[in-house]
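These numbers come from a predicted model, not from an experiment. Atom set for the values below is all heavy atoms of this structure, side chains included, hydrogens, waters and symmetry mates excluded. Numbered from 1 within each chain, the chains take letters A, B, ... in sequence-line order.
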Protein chains: 2
Amino acid sequence: MKEREISDKEIINYLQDTLYVINGKWKLPVLMAIKRGSTRFREIQRYVPPITSRVLSSELKLLEQNKLVTRKVYDEIPVLVEYTLTTYSETLFPIIELMVYWGKDHRKVIAGK
Amino acid sequence: MKEREISDKEIINYLQDTLYVINGKWKLPVLMAIKRGSTRFREIQRYVPPITSRVLSSELKLLEQNKLVTRKVYDEIPVLVEYTLTTYSETLFPIIELMVYWGKDHRKVIAGK
DNA sequence: CAGCATCCCGAAAGATACTG
DNA sequence: CAGTATCTTTCGGGATGCTG
């Protein structure tokens, strides 16, 4: 069965929706940090320097709202909080990985001008 | 021959480099506009509403600096300017296309919460 | 440890008007 | 047509200190 064509307007809208979700310097690096094994707040903060706690906190909330990250609180003392990726977030990683490689190559392109 | 592993730090750096190039609401939509056939300044502006001429102008300059767009001036009256994609920009479109489709699906994910 | 509260700033982006 | 000039507003993000 054939998909309906996507119109110009829709393309722009979908693209901007995605850009809105990932916008800023931090959201994708934070996702990457979690993927690479940093589940605790301070771990993530160390992985993605020099993000401040205030900014990290707000980024994590937005990622949660977009169903990319799950926040789990363990009621211990001191309190233990774990951030994990949702399975849905896996749909984003092909894009992120392409971006990593693109950034790697782009550095050469701009340097060798 | 095996590629050297990319370290955590490098991943973050490359990723942030890419994010820096495409940052903001407009650069990728502008590239898409050109790809879809809008080569003139006003055409692009109409394709990507509601971008102001001031913003579009600065975005195009940044895209030029990153070798993604070429600006060509034809010395006619009135002056004719054409923006075209560089071949290098083709390396970015796999990412952009994934983002379009991701945005399309994401809308459903968030709506159906 | 995992944040929140405040204060603050520069850059991104919008509004409007104007030029070669 | 293809922008530039000015002015203003918004907002992402930094600095610092504090709390359960």
Side-chain angles (χ1 to χ4, degrees), chain A residues 12-13 15-34 37-66 68-85, chain B residues 12-13 15-34 37-66 68-85:
Chain A
I12 297 295
N13 284 337
L15 186 51
Q16 288 190 318
D17 284 353
T18 300
L19 288 168
Y20 186 78
V21 172
I22 70 174
N23 80 341
K25 304 160 59 176
W26 300 116
K27 289 182 196 66
L28 297 190
V30 165
L31 288 179
M32 185 57 86
I34 301 175
S38 302
T39 62
R40 315 283 295 278
F41 190 91
R42 296 292 175 193
E43 279 179 347
I44 299 170
Q45 193 172 7
R46 259 174 274 129
Y47 195 99
V48 187
I51 192 171
T52 64
S53 62
R54 179 189 159 292
V55 172
L56 177 55
S57 176
S58 90
E59 297 295 63
L60 284 167
K61 274 177 193 160
L62 292 170
L63 291 172
E64 240 194 301
Q65 286 174 24
N66 281 302
L68 296 169
V69 158
T70 308
R71 182 176 187 271
K72 232 187 217 163
V73 181
Y74 297 91
D75 211 354
E76 306 177 1
I77 297 175
V79 64
L80 172 64
V81 180
E82 259 190 17
Y83 292 93
T84 51
L85 298 178
Chain B
I12 297 295
N13 283 336
L15 185 52
Q16 288 190 318
D17 285 352
T18 301
L19 288 168
Y20 186 79
V21 172
I22 70 174
N23 81 340
K25 305 159 60 177
W26 300 118
K27 290 181 195 68
L28 296 190
V30 165
L31 288 179
M32 184 58 87
I34 300 176
S38 302
T39 63
R40 316 282 295 277
F41 190 92
R42 296 293 175 195
E43 279 179 348
I44 299 170
Q45 194 174 6
R46 260 174 274 129
Y47 195 98
V48 187
I51 192 170
T52 64
S53 59
R54 181 188 157 293
V55 171
L56 177 55
S57 174
S58 90
E59 297 294 64
L60 284 167
K61 276 177 192 160
L62 291 170
L63 290 172
E64 240 193 304
Q65 286 174 26
N66 281 302
L68 296 168
V69 158
T70 305
R71 182 177 188 271
K72 231 186 217 162
V73 181
Y74 297 91
D75 211 355
E76 305 176 0
I77 297 176
V79 63
L80 172 63
V81 180
E82 259 190 18
Y83 292 94
T84 51
L85 297 178

Take atom CD1 of B:Ile44 and atom P of D:dA2, then tell me their distance rounded to the nearest Å.
9 Å
Student check: side-chain heavy atoms of B:Asn23 and B:Lys27 closer than 4.5 Å
yes
Give a yes or no on whether a donor-acceptor pair under 3.5 Å exists between the nucleobase atoms of C:dT6, that is its base, and the side chain of A:Arg54.
yes
Would you please confirm or rule out a distance under 4.0 Å between OP1 or OP2 of D:dG3 and any side-chain N or O of B:Arg71?
yes
Quickly work out the B:Glu59 CD to D:dG3 P distance and round it to whole Å.
14 Å
Identify which nucleotide among C:dG14, D:dT4, D:dA2 has an atom closest to any side-chain atom of B:Trp26, counting heavy atoms from C-beta outward.
C:dG14
Check the distance between D:dG3's P and B:Tyr74's OH and give it to me in whole angstrom.
13 Å
Distance test, side-chain N/O of B:Ser57 to OP1/OP2 of D:dT4, below 4.0 Å
yes
Without decimals, in angstroms, what is the distance between A:Ile34 CD1 and C:dA2 P?
12 Å
Given the options B:Arg40, B:Arg71, B:Arg42, B:Val81 meets side-chain contact (heavy atoms from CB on, under 4.5 Å) only with B:Arg71
With respect to the side chain of B:Arg42, which nucleotide from D:dG3, C:dA2, D:dT4 is positioned closest?
D:dG3
Where the side chain of A:Glu59 meets the backbone of A:Val55, is there a donor-acceptor pair that is under 3.5 Å apart?
no
Let me know the distance between CG of A:Leu56 and P of C:dA2, rounded to the nearest Å.
10 Å
Roughly how many Å is it from CG in A:Asn23 to P in D:dG12, rounded to a whole number?
7 Å
Mind listing the closest non-hydrogen atom pair of B:Ile44 and B:Ala33 along with its distance?
CG2-CB, 4.2 Å
Considering every strand and a 4.0 Å limit on heavy-atom distances, what is the contact class for A:Lys27: base, sugar-phosphate, or nothing?
nothing
Quick one: which of D:dA15, D:dG3, C:dA2 gets closest to the side chain of A:Arg40?
C:dA2
Is there a donor on the side chain of B:Ser53 or the base of D:dT4 sitting less than 3.5 Å from an acceptor on the other?
yes
Can a side chain N or O of B:Lys25 be found less than 4.0 Å away from OP1 or OP2 on D:dC11?
no
Shortest non-hydrogen contact from A:Glu43 toward A:Gly37:
OE1-O, 4.0 Å
B:Asp75 has an atom CG; how far is it from atom C1' of C:dG20, in whole Å?
12 Å
With respect to the phosphate group of C:dG3, does any side-chain polar atom (N or O) of A:Tyr83 fall under 4.0 Å of OP1 or OP2?
yes
When the distance from CD1 of B:Ile51 to P of C:dA15 is rounded to whole Å, what number comes out?
12 Å
Per B:Val79 side chain, nearest of listed nucleotides C:dG20, D:dG13, D:dG3
C:dG20
